[in-house]
Amino acid sequence: MKTTKIISGALSIAMLASLMSGCGKPASSAGTAASAETSSTEEPYEVHMWFALPSVSVNTDEVERIEAKINEYTLRDLNMALDLTITPQASYDEQVQLELSSGSEDVDIFMTQFGYGTTWVSQNYVTDLSDLLQEYGQDILSSYSSEDLATVCKVGDVIFGVPVHKEISRQPVIFFRTDILEKYDIDVSNIKTLDDIDALYTQVAEKEPDMWMLAASGMTDLTPVDLVDSGMGVFALVDPANSTEVVNYMATDAVREWCEYNRDWFNNGWINPGAASDTEPVYTYIKSGQAFSFFSNSGHPLSESDQENNCGGIDLTMVQLGDPIASTSSSCVYCYAISSASRDPAKAMQMLNYINSSTEVMNLLNWGVEGEDYVVTENGTLDYPEGKDASTVGYHLGAGWALPNQFVCTPWVTDGPDIYEKMIEYNNNSISSLALGFNLDFTPIFNQISELYQIKLKYSKALFTGAVDPDEYLNTMLSEMEAAGAAEVQAEIQRQLDEWLAQQLTTAGKTL
């Protein structure tokens, strides 16, 4: 069996051009389905599975220990073994691309981002999962609330991936340091708007003059939005539950309002004066006590504890500022694909289906081995063994968002016994965009949208952190976008979306 790899190091990622390449034909799954049948005399098939984490805190020996336990189940039930490669997020995309482009058989199943789907399909790097899901992925299909969500990772009619089970929506929220709120007996239950936040900042700034009110990093969507340009943030639907009109998002009132508020906060000294060029994450300033709050687009039930972990355990209070909106880009930020170079894609699908539905395997992947890395508490949740924590147990990922189906895991003690039920309820109550499932083909607008994206990048961070005057710089950005063909790109995206919507109605047996 191949030695488990944990790949380290920081490789530069130059994915924009490849992300925007045109569509092509993926590897066909035809002829592979029958080979998934196993027998007791057949040599066990080894499935190579790759996924990424923000950082790697486990060593090769520990991962091999987890693999051995997982394979007790997979060899028994599938006559297959699982080989894991865990890679830091910073180098993962480029490393996987190198493996796929070389036709390496060392990748069967791999985690990827939805935005790369067009590239993987056009380069013939992935297997079309349409038939495989129907034959060997029934547990996967039934684990989503609808088939639309289960098959949202599409390029044309090609299903290139299976979304991980996590929140499916973007929701505007703000996080405050709880200790500051408690120190001054501040109630934030009525915070709903930027005006409310501005008034709160005024109150706290008077009491904490040496603290930045906001650790600023970028735009938070305070109005419902579906970024229909695969999340690039230039073109969007701004009322996605009711309208399919594509607009230049940078030209909307919502973006201007955001820039104006941040400019006022910057001028008041409430934002880090170097925020426009700062490479430190916002969590650094919350953890150090330099900042009071930060915005986010994640308002799901696990978000508060996730962000507290990011901030080094600082207690945070989350306030939701709008409704959760499920779009294509939000519902499948990460997904699992099967490489076209896999020796047996059908067996890879069997393994992915098994992992997706197995509490035992998912607990091993996420939490480790019972009695060694965790114990079961009285209420059925999991906790560290006595005297242990994340830094002293051998294995503890705690990264369900990066794994196929965290919803079948046993909950961790700090999240509560019903956390996954809450997550499923949150997803079920999210508002769906009318464009859920739409995936833009960049081919006819590649040069123009590349230039528009670069124009956005040139100005957006300074604008979104209040470092420059929006009356001047926002108008300059929009003028440059207009000269670069924004209207033509907007029209092409609208054309593709209208065509896709018509196809959905036809597929559903309806007429326009």
Side-chain angles (χ1 to χ4, degrees), residues 1-6 44 46-87 109 111 139-140 143 164-166 301-302 305-306 308-309 313 336 350-424:
M1 191 173 295
K2 180 180 69 65
T3 302
T4 304
K5 302 186 295 297
I6 301 182
E46 185 175 55
V47 176
H48 305 283
M49 176 174 164
W50 289 51
F51 62 91
L53 296 173
S55 62
V56 174
S57 58
V58 289
N59 62 40
T60 301
D61 290 340
E62 296 296 343
V63 177
E64 289 180 345
R65 176 171 63 91
I66 301 304
E67 278 182 355
K69 290 292 185 181
I70 290 173
N71 289 336
E72 291 177 9
Y73 292 98
T74 60
L75 287 169
R76 180 194 69 191
D77 296 338
L78 300 175
N79 195 32
M80 298 186 207
L82 184 66
D83 172 73
L84 297 172
T85 298
I86 304 175
T87 305
I109 301 169
M111 186 182 84
D139 291 329
I140 290 175
S143 66
V164 303
H165 280 278
K166 59 191 291 291
L302 269 173
S305 62
D306 287 347
E308 287 174 346
N309 289 335
Y336 278 86
Q350 279 189 308
M351 176 67 81
L352 185 57
N353 187 73
Y354 185 81
I355 294 170
N356 189 281
S357 58
S358 171
T359 294
E360 292 82 4
V361 172
M362 278 298 306
N363 278 347
L364 283 162
L365 282 172
N366 205 19
W367 310 126
V369 178
E370 182 178 355
E372 300 176 28
D373 305 299
Y374 70 83
V375 294
V376 182
T377 68
E378 291 182 357
N379 69 353
T381 59
L382 308 184
D383 199 357
Y384 297 110
E386 186 175 357
K388 299 285 188 178
D389 59 25
S391 65
T392 54
V393 294
Y395 182 98
H396 179 93
L397 295 189
W401 57 269
L403 299 172
N405 187 6
Q406 64 179 320
F407 293 169
V408 301
C409 283
T410 305
W412 198 253
V413 63
T414 52
D415 297 326
D418 59 349
I419 184 59
Y420 297 127
E421 286 82 0
K422 289 179 178 178
M423 289 286 287
I424 292 170

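Below, each value reflects all heavy atoms present in this structure, side chains not excepted, and no hydrogens, waters or symmetry copies.
- Between Gly387 and Thr392, the closest heavy-atom pair is O-OG1, 4.4 Å.
- Here the straight-line distance linking atom CG of Asp415 with atom CG of Asp306 works out to 7.5 Å at 0.5 Å rounding.
- For the pair Cys409 and Asn363, the tightest heavy-atom approach, listed with the atom from each and the gap, is CA-OD1, 3.4 Å.
- Residues Leu397 and Tyr395 have side chains in contact (heavy-atom distance under 4.5 Å, counting atoms from C-beta outward).
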Under the side chain to side chain contact (heavy atoms under 4.5 Å, CB included) criterion, do Phe51 and Tyr336 qualify, and how do the steps go?
-> CA-CA 9 Å; Phe51 62 91; Tyr336 278 86; 3.3 Å; yes
Derivation and outcome, side-chain hydrogen bond (donor to acceptor under 3.5 Å, both in side chains), residues Asp383 and Thr377 = CA-CA 7 Å; Asp383 199 357; Thr377 68; over 6 Å; no
Verdict with supporting geometry, Asn356 and Asp139, side-chain hydrogen bond (donor to acceptor under 3.5 Å, both in side chains) | CA-CA 7 Å; Asn356 189 281; Asp139 291 329; over 6 Å; no
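- From Leu302, atom CG reaches atom CD of Gln406 across 6.0 Å, with rounding to the nearest 0.5 Å.
- Shown here for Thr381 and Gly416, the closest heavy-atom pair between the two residues is CG2-C, 4.1 Å.
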Stepwise side chain to side chain contact (heavy atoms under 4.5 Å, CB included) test for Glu370 and Val375 = CA-CA 6 Å; Glu370 182 178 355; Val375 294; 6.0 Å; no
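- In this structure, the side chains of Ile419 and Pro301 come closer than 4.5 Å at one or more pairs of heavy atoms.
- Remark: the backbone N or O of Ala52 is not paired with any side-chain donor or acceptor of Thr87 at under 3.5 angstrom.
- One finds the CE atom of Met351 at 8.5 Å from the CD1 atom of Ile70 (value rounded to the nearest 0.5 Å).
- Checked by atom type and distance alone, the side chain of Trp401 never pairs as donor or acceptor with a backbone atom of Val164 at under 3.5 Å.
- Pro404 and Met362 get closest at one heavy-atom pair: CD-SD, 4.2 Å.
- Sequence neighbours left out, the pairs with a member in residues 369-393 that pass ring-ring contact (aromatic ring centres under 6.0 Å, His included) are Tyr384-His396, Tyr384-Trp412.
- Side-chain atoms of Val393 and Pro385, non-hydrogen and from C-beta on, do get closer than 4.5 Å to each other.
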Can you list the steps and then say if Leu82 with Glu67 is a side chain to side chain contact (heavy atoms under 4.5 Å, CB included)?
-> CA-CA 7 Å; Leu82 184 66; Glu67 278 182 355; 5.8 Å; no
Worked check of side chain to side chain contact (heavy atoms under 4.5 Å, CB included) between Thr85 and Met49 = CA-CA 6 Å; Thr85 298; Met49 176 174 164; over 6 Å; no
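- We find that Lys69 and Glu360 are not joined by a salt bridge, their nearest charged nitrogen and carboxylate oxygen being 4.0 Å or further apart.
- Of all the heavy atoms in Asp373 and Gly394, the pair that sits closest is OD1-N, 3.3 Å.
- The structure places CD1 of Ile355 at 14.0 Å from OH of Tyr73, a figure rounded to the nearest 0.5 Å.
- In terms of heavy atoms, Ile66 sits closest to Leu364 at CG2-O, 3.4 Å.
- Here CH2 of Trp50 is found 12.0 Å from CG of Leu84. Values are rounded to the nearest 0.5 Å.
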Under the side-chain hydrogen bond (donor to acceptor under 3.5 Å, both in side chains) rule, what do His165 and Ser143 come out as? Steps first, then yes or no, please.
-> CA-CA 9 Å; His165 280 278; Ser143 66; 2.9 Å; yes
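- Rounded to the nearest 0.5 Å, atoms NZ (Lys166) and CE (Met423) are 7.5 Å apart.
- Between the side chain of Asn366 and the backbone N or O of Ala399, at least one donor-acceptor pair lies under 3.5 Å.
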